[in-house]
Amino acid sequence: MSSESGAKREAPLSLEKWKSFFDGDGRILNESEVRRCVFRGGIEPVARREVWRYLFGIYPFNSTEREREVVAAELKLRYNALKERWKSFLELSCAADEKVKFCSPAYLTADGVTENGGSGGSDTTDGVGGAAVAQVSGQLGFLEIQARVYAGRQDIDIKALKKAIRVIDKDVPRNDRDHPYFSGAGNPNLRVLRDILITFAAFHPELGYSQGMNDILSRFLVTLDDEQEAYWCLSKYLERIHVEFMEQGMVEKLDTVKQLLGEMDREFLDFFVTADMADFMFCHRWLLLSFKREFKFDEALTLFEILSSHHLEMCSLEAEKAKHREELLERERTGGESSDRKEVLVNLEYTFELFVCLAILQRYRSQIMANSEASGLYQVINGLSMHMDMRDLLISAEDLFFKYCRKSVAECFTTLDLPSPTS
């Protein structure tokens, strides 16, 4: 499809190009260019695991190879200590008739899943190269003591943890079971998924566990194939978006979608208000799971990393460039001296994912507006799942993003009526 703003999609970031970003010490020289490449085309599957470690915060972009070796060992030891703590705490706090329910639920034992099975295992140097193991081996004892001290200082609310486990044990057995990574009886990755979710819930009591976290985690686990790394990616990701797993936080997010639609297409917003769908709850799943259920698994992975690149946001350099270009055009149009420029105000809460929501709605605007009843509207919107072109939607979303930037600049210029010269 053609683009009003010149938006274009590019080839995925290849492993060869990814390696070209590093200097001799192993630092990434141009983080912004990495993010631009991810935004423009996603990441080739063969390079995805490496890039995600940076994209989701395991490694700082400016870290050296040596620094990453220490970080890898430290995080693995810390995760293992945290998991060991809640497991032993749960074992001691459970009555005899509760142990099977909370420690070895039937769906795991029935599938023949072993206690130590699954990806990642418990090797503290798993995923670290041979040279790294040699260099950090002298520090492992100290790092392990630090990890155990850290875990020992964390409080556990056993009542809240048991409540979380009950919900987790409803979600794990049905989590992406059609994907090869989780399919089949006796799949040890189910226990790994469960252990990570419980570890997170145990040591993040303010958030605990909510349905949907399993969907987010499954992407990390499938991509990284490493228990400890998947845990830390999940933790760092949820630290950033945690309010969206709270009722008020998601309500505010949906209100922001409503506000954006009102600025860009008032008639369409009025339609939803009239149809008694002004709460925009139909966007809830899109935003909470980053459109995971709207596209095939691998395609949704690409969209997830594109959204997580944060290359195109209201506070990004690209948005500033767009606003500057529009300001120059407005000055030309108004003659410069006849314009009173006010500060350009944009809503920083208008993240790129909201423009993806808007792109979906506008792409299917006519089909949606052909229905006046809420039931018919939900049927149309839910029917879009697995039937949308992600590439075209991303181009449309980018067009809408820059259209909003241009609109914001234009509204900051007012033409003054200059008095006529008197003779």
Side-chain angles (χ1 to χ4, degrees), residues 1 3 7-13 35 37-49 51-52 55-56 171 174-183 193 211-225 230 233-234 237 241 244-245 250 253-254 257 280-312 351-365 367-368 377-401:
M1 66 170 289
S3 167
K8 61 180 180 179
R9 307 306 302 163
E10 298 177 1
L13 175 62
R35 293 185 179 277
C37 289
V38 174
F39 176 81
R40 286 286 165 221
I43 306 166
E44 283 188 352
V46 69
R48 182 167 282 146
R49 181 182 182 186
V51 181
W52 276 33
L55 196 62
F56 293 102
D171 289 347
R174 58 193 183 194
N175 184 88
D176 288 323
R177 295 307 296 271
D178 57 342
H179 191 282
Y181 197 85
F182 297 106
S183 66
L193 186 79
Q211 289 181 316
M213 291 181 181
N214 58 306
D215 284 288
I216 294 171
L217 173 59
S218 70
R219 283 184 284 210
F220 289 126
L221 202 49
V222 167
T223 299
L224 299 167
D225 192 32
C233 280
L234 176 72
Y237 180 78
I241 64 125
E244 295 174 22
F245 276 94
M250 182 51 72
K253 186 91 169 184
L254 296 175
V257 177
F280 282 76
M281 282 302 296
F282 54 86
C283 292
H284 179 274
R285 185 179 76 184
W286 296 354
L287 293 170
L288 191 68
L289 304 182
S290 296
F291 308 93
K292 179 185 176 186
R293 295 179 185 168
E294 318 317 313
F295 301 94
K296 293 180 180 179
F297 191 90
D298 289 344
E299 204 171 23
L301 280 183
T302 298
L303 182 54
F304 184 53
E305 62 201 11
I306 287 171
L307 295 175
S308 299
S309 71
H310 302 299
H311 169 71
L312 201 61
T351 53
F352 187 72
E353 63 184 343
L354 301 192
F355 289 93
V356 175
C357 289
L358 192 57
I360 294 173
L361 294 176
Q362 293 212 324
R363 174 60 59 85
Y364 299 96
R365 191 178 191 271
Q367 294 97 309
I368 292 171
L377 289 170
Y378 272 107
Q379 186 175 358
V380 171
I381 293 171
N382 290 334
L384 299 177
S385 178
M386 304 297 167
H387 293 93
M388 296 185 288
D389 187 313
M390 186 186 75
R391 187 183 183 91
D392 284 353
L393 285 175
L394 285 168
I395 291 174
S396 295
E398 188 170 348
D399 283 343
L400 288 165
F401 179 92

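Keep in mind that this is a model prediction, so the values were computed, not measured. Sequence positions, counted from 1, serve as the residue numbers for this chain.
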Value rounded to 0.5 Å, distance of CG in L384 from CG in L361
9.0 Å

Any non-hydrogen side-chain atom of R285 less than 4.5 Å from a side-chain atom of L288?
no

Give a yes or no answer on whether the side chain of D399 reaches the backbone of A397 with a donor-acceptor pair at less than 3.5 Å.
no

Results of ring pair (Phe, Tyr, Trp, His ring centres under 6.0 Å) for H284 - residues two or more places apart only:
none

Let me confirm one number: the NZ-NE2 distance from K296 to H179, rounded to the nearest 0.5 Å.
13.0 Å

Looking at every non-hydrogen atom in both residues, tell me the closest pair between A230 and L221 and how far apart they are.
CB-CD1, 3.7 Å

Test item: N175 side-chain N/O and D171 main-chain N/O as donor-acceptor pair under 3.5 Å:
no

Do you know the tightest heavy-atom contact between V356 and L394?
CG2-CD2, 4.5 Å

For a 4.5 angstrom cut-off between non-hydrogen side-chain atoms, does D215 reach R293?
yes

Passing candidate, side-chain contact (heavy atoms from CB on, under 4.5 Å) with W286, options E353, K292, E294
E294

Would C357 and F291 count as a side chain to side chain contact (heavy atoms under 4.5 Å, CB included) here? Give the steps.
CA-CA 9 Å; C357 289; F291 308 93; 3.8 Å; yes

Please name all residues satisfying ring pair (Phe, Tyr, Trp, His ring centres under 6.0 Å) with F282, sequence neighbours left out, ordered by chain then number.
F272, F280

D298 vs T302 side-chain heavy atoms within contact, under 4.5 Å:
no

Before we go on, tell me: are the rings of Y237 and F304 under 6.0 Å apart, centre to centre?
yes

Does any N or O in the side chain of S309 come within less than 3.5 Å of the main-chain N or O of I306, such that one atom is a donor and the other an acceptor?
yes

Quick one: are T351 and K253 in side-chain contact, heavy atoms under 4.5 Å?
yes

Side-chain (R177) to main-chain (S183) donor-acceptor, under 3.5 angstrom:
no

L224 and C233: which non-hydrogen atoms are nearest, and at how many Å?
CD1-SG, 3.6 Å

Test: R9 cationic atom under 6.0 Å from F39 six-membered ring centre, within 45° of axis:
yes

For L13 and V38, which heavy atoms make the closest approach, and how far apart are they?
CD2-CG2, 4.1 Å

With a 4.5 Å cut-off on side-chain heavy atoms, are F182 and V222 touching?
yes

Side chain proximity check, V380 to Y364, heavy atoms < 4.5 angstrom:
no

Pair D176 + R219: basic N to acidic O under 4.0 Å
no

Looking at R35 and H311, would you say the former's side chain and the latter's main chain have a donor-acceptor pair under 3.5 Å?
no

Can you tell me if T223 uses its side chain to pair, donor with acceptor, with the backbone of F220 under 3.5 Å?
no

What is the distance from atom CD1 of I368 to atom CG of L377, rounded to the nearest 0.5 Å?
7.5 Å

Other residues, nucleotides and ligands only: do more than 12 of their heavy atoms fall within 6.0 Å of CD on E10?
yes

Rounded to the nearest 0.5 Å, how far apart are CG of L303 and CE of M390?
5.5 Å

Are S396 and R363 linked by a side-chain donor-acceptor pair shorter than 3.5 Å?
yes

What I'd like to find out is whether the side chain of F355 reaches to under 4.5 Å of the side chain of L312, using heavy atoms alone.
no

Expected output: side-chain R40 to main-chain A11 donor-acceptor under 3.5 Å
no

Side chain proximity check, I360 to L393, heavy atoms < 4.5 angstrom
yes

Can L234 and F56 be said to form a side chain to side chain contact (heavy atoms under 4.5 Å, CB included), step by step?
CA-CA 8 Å; L234 176 72; F56 293 102; over 6 Å; no

For V257 and C283, work out which heavy atoms get closest and say how close.
CG1-SG, 4.2 Å

Atom of Y378, atom of M281 and distance for their closest heavy-atom approach
OH-CB, 3.9 Å

Rounded distance (nearest 0.5 Å) linking atom OH of Y181 with atom OG of S218:
10.5 Å

Could you give the distance from CG (L254) to CD (E244), rounded to the nearest 0.5 Å?
9.5 Å

